[in-house]
There are 2 protein chains.
Amino acid sequence: MTVTGVKNFFATRIEEENMKSKKQTQLAPHKSKGRPRTFDREVALHRALGVFWRSGYEPAAMSELCAAMEINPPSLYAAFGNKAQLFMEAVQHYEDVYWNATWQRMEDTRDIREAMATFFSEAAGILTSQEVPCGCMVILAATNVSQEAKEVNDALRALRQEGRDCFLTRLKRAVVEEQLPANTDVASLASTLNTILEGMSLQARDGMSSVELKRIAATAMTLLPAKDSEGDVPQRDKSAGVKTRKKRS
Amino acid sequence: MTVTGVKNFFATRIEEENMKSKKQTQLAPHKSKGRPRTFDREVALHRALGVFWRSGYEPAAMSELCAAMEINPPSLYAAFGNKAQLFMEAVQHYEDVYWNATWQRMEDTRDIREAMATFFSEAAGILTSQEVPCGCMVILAATNVSQEAKEVNDALRALRQEGRDCFLTRLKRAVVEEQLPANTDVASLASTLNTILEGMSLQARDGMSSVELKRIAATAMTLLPAKDSEGDVPQRDKSAGVKTRKKRS
DNA sequence: ACCATTACGTAACGCCCACTACATTAATAC
DNA sequence: GTATTAATGTAGTGGGCGTTACGTAATGGT
């Protein structure tokens with residue numbers, strides 16, 4: 001959902017294997033002629049994801065990736081193209097495995113405050129889910145890269161922008177559903193929430209615990225303006241008045 | 001003020017010149033015997049700062065630095081030691097030139113809301129002051145560095161922590177001065193403000209304008225709980241009591 | 001059986017990095 | 001003057017990076 005155009009950032013795909021054998025990784029018999037590969041492509045990709053997540057894009061050396069994936073350079077290049085393509089595929093995998101469900105849950109949860117609180121709480125968990133402090137791969141893995149990795153950074157920046165847009169869409173819906181005041185500055189609020197998410201990612205990389213991050217998340221929830229029944233700024237109150245549920249896949 | 005121990009992170013200083021000739025850069029006559037240097041050390045340092053700020057620590061190549069500083073490698077190494085020491089000196093210079101006044105102003109401003117609003121507004125200006133999007137050097141210049149640059153990253157992490165501590169100290173004072181409710185969770189609030197500052201830095205590096213950043217800053221100011229005129233309950237207090245306030249100074 | 005095709009392991013390739021020998025030049029000390 | 005000290009420019013150093021030749025091994029097609 002949040003990730004739409006990742007695979008298209010590198011149009012020249014050396015590897016089109018997933019076209020002809022979509023589901024098979026190692027179990028299904030291979031249709032093509034040559035020697036079959038001796039490693040599980042998805043397992044290798046997942047291991048590469050771990051390296052990229054912990055080290056970042058440029059500090060992750062191909063030798064390190066090869067060691068973690070337990071394959072040699074020629075196998076890696078034959079299966080994934082090059083470092084940038086491997087990284088972008090790892091990012092796609094990362095979003096699918098770690099974030100998509102959480103984003104979807106934010107969209108599905110009716111009450112805006114519960115939706116946001118749950119999202120940020122879960123985010124705090126994801127950001128600290130690795131054994132080593134990492135933060136969010138989309139946010140951090142390509143910061144401070146040299147000029148030649150600009151394409152990768154641009155791709156990740158687009159994904160970060162998608163996150164901000166998700167916040168905005170969700171907040172707009174909350175206004176329509178009268179869970180937020182009509183005069184709420186949803187644009188600034190969405191940007192601020194996205195800013196906090198990115199900041200939390202930096203904090204997580206600095207070693208902040210999940211508990212502390214969730215405390216920040218809880219504090220950030222006070223950014224959501226109280227629903228004005230009629231007056232100005234009363235206390236927060238949740239008498240659920242949900243109308244429609246916009247499900248989008 | 002915020003920067004205290006930068007110079008001590010690299011105890012082995014090749015260059016102790018600033019001990020024997022503290023103020024002279026090029027103007028004052030040199031006391032020592034040998035051939036005098038033909039470049040202004042502070043000017044060179046300032047140019048190095050620009051390169052590090054825009055490129056980050058590791059992407060900044062020594063060749064790039066030499067070109068910007070208009071000196072050759074041997075002169076650079078003789079004057080600054082090595083890349084890490086040059087960077088830390090640039091960080092010190094960066095704090096002095098760009099941030100110290102702003103931090104100090106936050107401390108000096110009586111009203112907490114005005115202090116915070118001014119700080120974040122000025123921060124938005126600093127983060128976008130370079131021609132190229134950069135963000136904050138302390139926050140971003142050493143993210144995603146390889147293992148061998150860990151010392152540099154640790155030094156910057158300590159500086160980031162100092163920033164959070166500055167927020168905390170200022171907030172505590174505001175509580176004492178009864179500008180914030182007594183039950184304010186100053187620890188979480190300080191962490192959240194620091195998180196937003198770091199997030200703003202990432203946004204700035206992604207190209208966000210000063211205007212948008214200031215909009216975020218204004219939105220973030222709603223995090224500050226309203227001053228309770230009497231014993232009312234102005235702020236949510238669901239996270240129980242807060243302990244573990246680490247006082248460090 | 002034989003070929004075409006594909007993945008494999010070994011061993012490198014060229015490039016750029018931070019860093020430095022070395023001879024030279026320019027100042028002070030005596 | 002001569003000696004001493006220190007900064008300079010040229011031209012490299014070794015090392016790690018991403019990537020790839022190349023010969024071999026293992027499959028399917030016929």
Side-chain angles (χ1 to χ4, degrees), chain A residues 10 12 14-17 20-21 24-26 28-41 44 48 51-52 55-67 69-87 144-149 151-152, chain B residues 10 12 14-17 20-21 24-26 28-41 44 48 51-52 55-88 144-149 151-152:
Chain A
F10 294 90
T12 55
I14 291 180
E15 175 82 5
E16 73 285 352
E17 169 203 20
K20 50 188 178 184
S21 64
Q24 76 120 41
T25 57
Q26 198 180 20
H30 43 273
K31 311 171 197 170
S32 61
K33 299 210 317 185
R35 176 177 176 175
R37 71 162 52 103
T38 60
F39 64 93
D40 188 321
R41 196 176 185 278
V51 174
F52 278 129
S55 299
Y57 174 63
E58 277 186 334
M62 293 303 280
S63 58
E64 191 184 354
L65 288 162
C66 285
M69 300 165 83
E70 296 180 353
I71 57 177
N72 293 104
S75 299
L76 193 158
Y77 281 86
F80 298 99
N82 59 20
K83 188 182 184 182
Q85 293 175 21
L86 171 62
F87 176 74
N144 277 49
V145 289
S146 54
Q147 198 66 22
E148 57 228 18
E151 290 191 9
V152 168
Chain B
F10 294 89
T12 55
I14 291 180
E15 174 83 4
E16 73 286 354
E17 170 203 20
K20 52 187 177 186
S21 65
Q24 76 120 41
T25 57
Q26 196 180 19
H30 45 272
K31 314 169 196 170
S32 59
K33 299 210 316 185
R35 176 177 179 176
R37 68 161 54 103
T38 59
F39 64 93
D40 188 322
R41 196 177 186 278
V51 174
F52 278 129
S55 299
Y57 174 62
E58 279 187 331
M62 294 303 281
S63 58
E64 190 184 355
L65 288 162
C66 286
M69 301 164 82
E70 295 179 355
I71 57 176
N72 294 106
S75 298
L76 194 157
Y77 281 87
F80 298 98
N82 58 21
K83 187 181 183 182
Q85 292 175 22
L86 171 62
F87 176 75
M88 290 312 300
N144 278 45
V145 290
S146 55
Q147 197 67 21
E148 58 228 18
E151 290 190 10
V152 168

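Values reported hereafter were calculated over all heavy atoms of this structure, with side chains retained and with hydrogens, waters and symmetry mates removed. Numbered from 1 within each chain, the chains take letters A, B, ... in sequence-line order. What you see is a predicted model; the values in this text were computed from it and never measured.
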Within 45° of the ring axis of B:Y57 and under 6.0 Å from its six-membered ring centre, is that where the NZ or CZ of B:K83 lies?
yes

Any side-chain N or O of A:N72 below 4.0 angstrom from OP1/OP2 of C:dG9?
yes

Looking only at side-chain atoms of A:P74, point me to the closest of C:dA26, C:dT10, C:dA18.
C:dT10

Under the 3.5 Å rule, do the base of D:dT8 and the side chain of B:R35 count as making a donor-acceptor pair?
no

Can you tell me whether the side chain of A:R37 and the base of C:dA7 have a donor-acceptor pair closer than 3.5 Å?
no

At under 4.0 Å, does any side-chain N or O of B:K33 touch on OP1 or OP2 of C:dA27?
no

Does OP1 or OP2 of D:dT8 have a side-chain N or O of B:T38 closer than 4.0 Å?
yes

Residue-phosphate contact under 4.0 Å: B:S32 side-chain N/O, D:dA6 OP1/OP2:
no

On DNA chain D, check which nucleotide each of B:L76 and A:A61 is closest to and give me the residue with the more 5' one.
B:L76

Which nucleotide in D:dC17, D:dT8, C:dC8 has an atom nearest any side-chain atom of A:S63:
D:dC17

Along DNA chain D (nearest heavy atom to each residue), the more 5'-positioned of A:P73 and A:P59
A:P59

Quick one: label B:A60 by what it contacts on the DNA or RNA (base, sugar-phosphate, nothing), any heavy atom closer than 4.0 Å.
sugar-phosphate

